[in-house]
Number of protein chains: 4
Amino acid sequence: MAKSVNKVILLGNVGKDPEIRSTTGGTLVASLSLATSERYKDKGGEWQERTEWHNLVSYARGAEILRDCVKKGAKLFVEGRITTRSWDDKETGKKAYRTEIVVSEISLLSPADGSNGRPASSGRASKNGTNRTSEPENDFGGVGITDDDIPF
Amino acid sequence: MAKSVNKVILLGNVGKDPEIRSTTGGTLVASLSLATSERYKDKGGEWQERTEWHNLVSYARGAEILRDCVKKGAKLFVEGRITTRSWDDKETGKKAYRTEIVVSEISLLSPADGSNGRPASSGRASKNGTNRTSEPENDFGGVGITDDDIPF
Amino acid sequence: MAKSVNKVILLGNVGKDPEIRSTTGGTLVASLSLATSERYKDKGGEWQERTEWHNLVSYARGAEILRDCVKKGAKLFVEGRITTRSWDDKETGKKAYRTEIVVSEISLLSPADGSNGRPASSGRASKNGTNRTSEPENDFGGVGITDDDIPF
Amino acid sequence: MAKSVNKVILLGNVGKDPEIRSTTGGTLVASLSLATSERYKDKGGEWQERTEWHNLVSYARGAEILRDCVKKGAKLFVEGRITTRSWDDKETGKKAYRTEIVVSEISLLSPADGSNGRPASSGRASKNGTNRTSEPENDFGGVGITDDDIPF
DNA sequence: TTTT
DNA sequence: TTTT
């Protein structure tokens, strides 16, 4: 029986096509950037919008769903849990942190088939191929997700 | 009408007495570290426990509640939203990130009055006073919460 | 500070155009039927789908949003709380129950403008007028929502 | 991938010891009444408290946990989904409804061992035995949970 | 840094 | 980097 709860519910828009990779152990991993935004009144009484970007990560079957069905611009609902990885930055010697949402439930609310004007076959595969060789945005202190990060 | 959802639900244990401060505008701010833990089976089939630490922040009336009612060791339920602040680290020139949960609902599940064996009057005020002068754990790149971070 | 939590999160499809009425005190009230469905495997290993219908109710500004923006077929996300009303059935003398979700947050996920093929101006007003005279599906033992049911 | 969401989060107090029974197929079933309460201001500006009672139901392993660890007065956190059963009342011929929360996650927040002053061994078995013969509160038109209600 |  |  659980003695604690760590639950996240997000509904927002996908900022980029998911990035797909595998752990050395062969588990499929998908990373995704999801935007939520809220309106608030600033001190002058003007309505402002603040956008929050969330780092989602999904494994195995969830990663397949994100890879096959979810594209930039899609509206997505997810449930998950918060996790924060930390490492010592090799260059600076400082501790660095990255907080991610490990996704447990996915619900795609807008089709991935380009109904929003974007072609569905817009070269995601080749983009992912490129990512696999370069992956600059994944270089979080040189410490990526390893098989030890996968909770099963 | 909201077009997105950013909701967090946490139930866990408070790691330290809350830290209380004020913005230059006079809004009370409370920071809190909350632990959630989950059990999982490792590759060898052994049960392991993983603890996740969450940075909570609360303003105004919520900060008063945390200050007056919540102490180290308390069991706490909160609702909130995820927010990530970033700044350029002055020393390293690198971008640094800190993800926090802005608390909107609080429910105290264990009394703060030392029923768990700890004295309720354990010098929180003086500890906070000490924190105000030294505050090493709050020096996130020298960039703390400002009035601009407060969404009202 | 809350000592309990009563929270519902629903994402589903609207079964009919909302029904709009007012309390004797003049507060606008909207009622809505929302369907969620889940897939499960039956004893024979076949995939089945089960649909659950939820009675939503919203007041004041929320009722305006439902009235103006939400139509049959729309995909809707809501947050709310569970409430159960009971009354003595006048005919049978038995206790009757009706559980409703009092909506606190609404997020419309599909446009109400007929993009699903239905005209947006499909005479909702006159339908509501008709409902007001007949309203068989609202006759819950002759006991409707009164101003006493409104929590403010 | 889910196309809808039906999620309930409750934190409250158990009204009575759980009732335990089995389906004809041998699946253990536990029923539980959980109270949540909220404070609100009435029209005269006075603070009032409203208590809501939720019918929880849990199967198999969850039913074991409720049977073994949860007693009247316990503080409980649960996640689940809303479900409504209906049947034709044999006496009156009218449709009757009962809404229940099918529990998927349980977190016991106060010990079941009588730390609240009540003995842990307070004859739950015999009370349940009594219930089994009389069970007036379970006589929902003579239609109880059957194996067909169990989603696995 | 918590808790079981 | 999304969306309205």
Side-chain angles (χ1 to χ4, degrees), chain A residues 1-6 10-19 31-39 47-56 70-78 84 86 108-112 115-118 127 131 136-138, chain B residues 1-6 10-19 31-39 47-56 70-78 84 86 108-112 115-118 127 131 136-138, chain C residues 69 77 107-113 115, chain D residues 69 77 107-113 115:
Chain A
M1 181 173 44
K3 297 301 283 180
S4 64
V5 174
N6 174 356
L10 298 173
L11 194 165
N13 294 290
V14 175
K16 294 202 262 184
D17 288 356
E19 293 171 26
S31 298
L32 195 63
S33 211
L34 189 78
T36 58
S37 52
E38 56 171 333
R39 258 163 266 267
W47 281 103
Q48 302 290 341
E49 183 166 301
R50 186 198 322 262
T51 295
E52 200 67 41
W53 287 97
H54 307 272
N55 304 310
L56 311 191
V70 173
K71 297 178 62 59
K72 174 178 174 176
K75 190 170 276 285
L76 205 63
F77 175 95
V78 297
T84 299
S86 70
L108 180 62
L109 303 176
S110 74
S115 70
N116 47 12
R118 265 178 251 93
K127 179 176 183 306
N131 278 346
E137 67 275 55
N138 252 357
Chain B
M1 181 172 46
K3 297 302 283 179
S4 65
V5 174
N6 173 357
L10 299 174
L11 195 165
N13 294 289
V14 174
K16 294 203 262 184
D17 287 356
E19 293 171 25
S31 298
L32 195 63
S33 211
L34 190 77
T36 58
S37 52
E38 57 171 331
R39 257 163 267 267
W47 281 103
Q48 303 290 340
E49 184 166 302
R50 186 198 322 263
T51 295
E52 200 67 41
W53 287 98
H54 308 272
N55 305 312
L56 273 52
V70 173
K71 296 178 62 59
K72 174 178 173 173
K75 190 170 276 286
L76 205 63
F77 175 94
V78 298
T84 298
S86 70
L108 180 61
L109 303 177
S110 73
S115 70
N116 46 12
R118 264 178 252 93
K127 179 175 183 305
N131 278 346
E137 68 276 52
N138 251 357
Chain C
C69 308
F77 175 94
S107 185
L108 179 63
L109 304 176
S110 74
D113 59 9
S115 70
Chain D
C69 308
F77 175 95
S107 185
L108 179 62
L109 304 176
S110 74
D113 60 6
S115 70

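In what follows, every heavy atom counts, from backbone to side chain, and hydrogens, waters and symmetry copies are set aside. In what follows, every chain begins at residue 1, and chains take the letters A, B, ... in the order their sequences are listed.
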field: Nearest-angstrom distance from the residue atom CG of C/L109 to P of F/dT4
entry: 12 Å
query: Side chain of A/E49: nearest nucleotide among E/dT3, F/dT1, F/dT3?
result: F/dT3
- prompt: Under 4.0 angstrom, heavy atoms only, what part of the nucleic acid is A/T51 near: base, sugar-phosphate, or nothing?
  reply: base
field: Proximity to the side chain of A/K3 - top-ranked nucleotide from E/dT4, F/dT3, F/dT1
entry: E/dT4
- prompt: With B/S37, which residues qualify under side chain to side chain donor-acceptor pair (under 3.5 Å), at least two apart?
  reply: none
query: E/dT4, F/dT4, F/dT1: which one has an atom nearest the side-chain heavy atoms of A/W53?
result: F/dT1
message: Just the rounded figure in Å: distance from P of E/dT3 to CZ of B/F77.
response: 21 Å
field: Pairing residues for A/S33 by the side chain to side chain donor-acceptor pair (under 3.5 Å) criterion, not counting sequence neighbours
entry: none
- prompt: Do B/D17 and B/K72 meet the salt-bridge criterion of a basic N to acidic O distance under 4.0 Å?
  reply: no
- line: A/A35 has its side chain closest, among E/dT2, E/dT4, F/dT2, to F/dT2
- line: Closest of E/dT3, E/dT4, F/dT2 to the B/N13 side chain is E/dT3
field: 5' priority, DNA chain E, between B/H54 and B/R39 [closest heavy atom]
entry: B/H54
